[in-house]
Amino acid sequence: GRLFSNVVNAPKGNDFERDVYFGGFEVADYLARRKDIKNIVMVARGFFYLNWAENFFIPNRELPSKEDVFLVGVRELLERFRDRNVIFVFENPTLEVDPRACRSQRPIKQLSLYLTESKARNECSITKEEDDVIHKRYIQKVSDILKDFPNVVAVDPRDLLCDEKKCYATASGRVLYSDLNHFNRNGSYLQGKQISDAFHFFKDD
């Protein structure tokens with residue numbers, strides 16, 4: 001499902017996406033009923049919602065902009081789980097080239113949907129500046145909301161993958177991505193450990 005418990009985002013006529021978003025509603029309702037579940041991990045492709053989402057709205061509510069819909073949706077979801085430990089995972093750095101280029105070290109067709117064609121390169125990294133163009137606004141908007149929720153800890157994959165100048169698609173000689181945005185098994189292992197470690201911020205009940 002998707003992140004929200006009240007926001008619909010489905011291109012008109014796309015029944016699959018509609019069902020996926022309503023599936024997110026069902027997950028949120030299930031967690032709200034299951035008070036015995038104390039730990040929740042939330043993940044969202046937030047920059048997509050803010051920049052490219054179509055037909056993005058909260059039913060029966062008039063809001064002036066897509067950004068307002070997003071911010072209200074995040075805040076109202078978190079309000080439902082003030083009594084739980086919540087890990088909010090930010091977006092992975094978005095690559096510019098297919099991660100297969102990291103294996104072969106041969107130039108391949110540039111696949112980016114977010115950066116200009118002139119950015120094509122056979123390099124297994126993206127600069128921090130380039131990644132900020134995609135994600136910084138989203139991270140800042142959510143971070144401002146999280147200040148009001150002491151039960152929520154933010155996890156940022158950039159803490160794993162980036163130094164002061166670049167974010168990398170490999171670690172210890174292993175590729176971490178399966179496509180421009182999603183981790184493969186190697187990347188998922190690293191992020192899983194990062195998320196698990198984040199629960200140490202919460203006091204034992």
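Legend: residues meeting side chain to side chain donor-acceptor pair (under 3.5 Å) with Tyr30, ordered by chain and number and at least two apart, are Arg34. For Glu79, the side chain to side chain donor-acceptor pair (under 3.5 Å) partners at least two apart in sequence or on another chain are Arg82. Every residue meeting the side chain to side chain contact (heavy atoms under 4.5 Å, CB included) condition with Lys136, not counting sequence neighbours, appears here in chain and number order: Asp132. Residues meeting the salt bridge (Lys or Arg N to Asp or Glu O under 4.0 Å) test with Arg174, sequence neighbours left out: none. For Phe81, the ring-ring contact (aromatic ring centres under 6.0 Å, His included) test picks out no residue, with sequence neighbours left out. Among residues two or more places apart in sequence or in another chain, the ring-ring contact (aromatic ring centres under 6.0 Å, His included) test is passed with Phe22 by Phe25. Residues forming a side chain to side chain donor-acceptor pair (under 3.5 Å) with Asn14 (at least two apart in sequence, or on another chain): none. With sequence neighbours left out, the side chain to side chain contact (heavy atoms under 4.5 Å, CB included) criterion links Pro64 to Asp68. Phe201 is linked by a ring-ring contact (aromatic ring centres under 6.0 Å, His included) to nothing, counting only residues two or more places apart in sequence or in another chain. Shown here are the side chain to side chain contact (heavy atoms under 4.5 Å, CB included) partners of Tyr168, two or more places apart in sequence or in another chain: Ser125, Asp163, Lys166. For Lys141, the salt bridge (Lys or Arg N to Asp or Glu O under 4.0 Å) partners at least two apart in sequence or on another chain are Glu67. Listed by chain and residue number, nothing satisfies the side chain to side chain donor-acceptor pair (under 3.5 Å) test with Asp19 (two or more places apart in sequence, or in another chain).
Panel note: side chain Asp179, backbone His182; a donor-acceptor pair is recorded below 3.5 Å. With hydrogens and angles ignored, the 3.5 Å screen pairs no side-chain donor or acceptor of Asp29 with any backbone N or O of Ala32. No donor-acceptor pair closer than 3.5 Å links the side chain of Lys165 to the backbone N or O of Cys162. In this structure, Gln194 contributes its side chain and Asp156 its backbone to a donor-acceptor pair below 3.5 Å.
A salt bridge links Lys193 with Asp197: at least one charged nitrogen is closer than 4.0 Å to a carboxylate oxygen.
Residues Leu78 and Leu146 form a side-chain contact, since some pair of their non-hydrogen atoms from C-beta on lies under 4.5 Å apart. Counting only heavy atoms from C-beta outward, the side chains of Val153 and Phe199 never approach each other to under 4.5 Å. At a threshold of 4.5 Å between non-hydrogen side-chain atoms, the residues Ser5 and Glu76 do not count as touching. The side-chain heavy atoms of Asp148 and Arg75, taken from C-beta on, include a pair separated by under 4.5 Å. For the pair Ile87/Phe202, a side-chain contact is recorded, criterion being any heavy-atom separation below 4.5 Å from C-beta on. Residues Glu91 and Asn181 meet the side-chain proximity criterion, which asks for heavy atoms closer than 4.5 Å. At a threshold of 4.5 Å between non-hydrogen side-chain atoms, the residues Tyr189 and Phe183 do not count as touching.
When each of Asn92, Asp98, Asn186, Thr94 is checked for a side-chain contact (heavy atoms from CB on, under 4.5 Å) with Tyr177, only Asn92 meets the rule.
Shown here for Phe56 and Lys66, the closest heavy-atom pair between the two residues is CD2-CG, 3.3 Å. The heavy-atom pair separating Val175 from Thr170 by the smallest distance is CA-CG2, 4.0 Å. Residue Gly73 comes nearest to Asn6 through the heavy atom pair CA-OD1, 3.7 Å, listed as atom of the first residue, atom of the second, then distance. Summarising the geometry of Asp131 relative to Ile126, their closest heavy-atom pair is N-CD1, 3.9 Å, with the distance given to 0.1 Å. Closest heavy-atom contact between Ala154 and Phe90: CB-CE1, 3.7 Å. Contact detail for Arg84 and Leu31: the closest heavy-atom pair is NH2-O, 2.9 Å.
Inspection of the Asn39 and Asn85 side chains reveals an N or O donor paired with an N or O acceptor under 3.5 Å.
The aromatic rings of Phe88 and Tyr138 lie tilted to each other, with the angle between the two planes from 30° to 60°.
Linking Ile, Leu, Val, Met, Phe, Trp and Tyr whenever their side-chain heavy atoms come within less than 4.5 Å puts Met42 and Leu71 in one cluster. In the hydrophobic clustering of this structure, Leu3 does not group with Val8; members are Ile, Leu, Val, Met, Phe, Trp, Tyr whose side-chain heavy atoms approach within less than 4.5 Å, directly or through other members. A continuous path of hydrophobic side-chain contacts links Phe149 to Val74 [ILVMFWY only; heavy atoms under 4.5 Å]. If you chain together hydrophobic residues whose side chains sit under 4.5 Å apart, Val20 and Phe57 never meet in one group.
The neighbour count for Asn60 CG, taken as heavy atoms of other residues, nucleotides or ligands under 6.0 Å away, does not exceed 12.
Atom CD in Gln140 sits 11.0 Å away from atom CD1 in Ile145 (nearest 0.5 Å).
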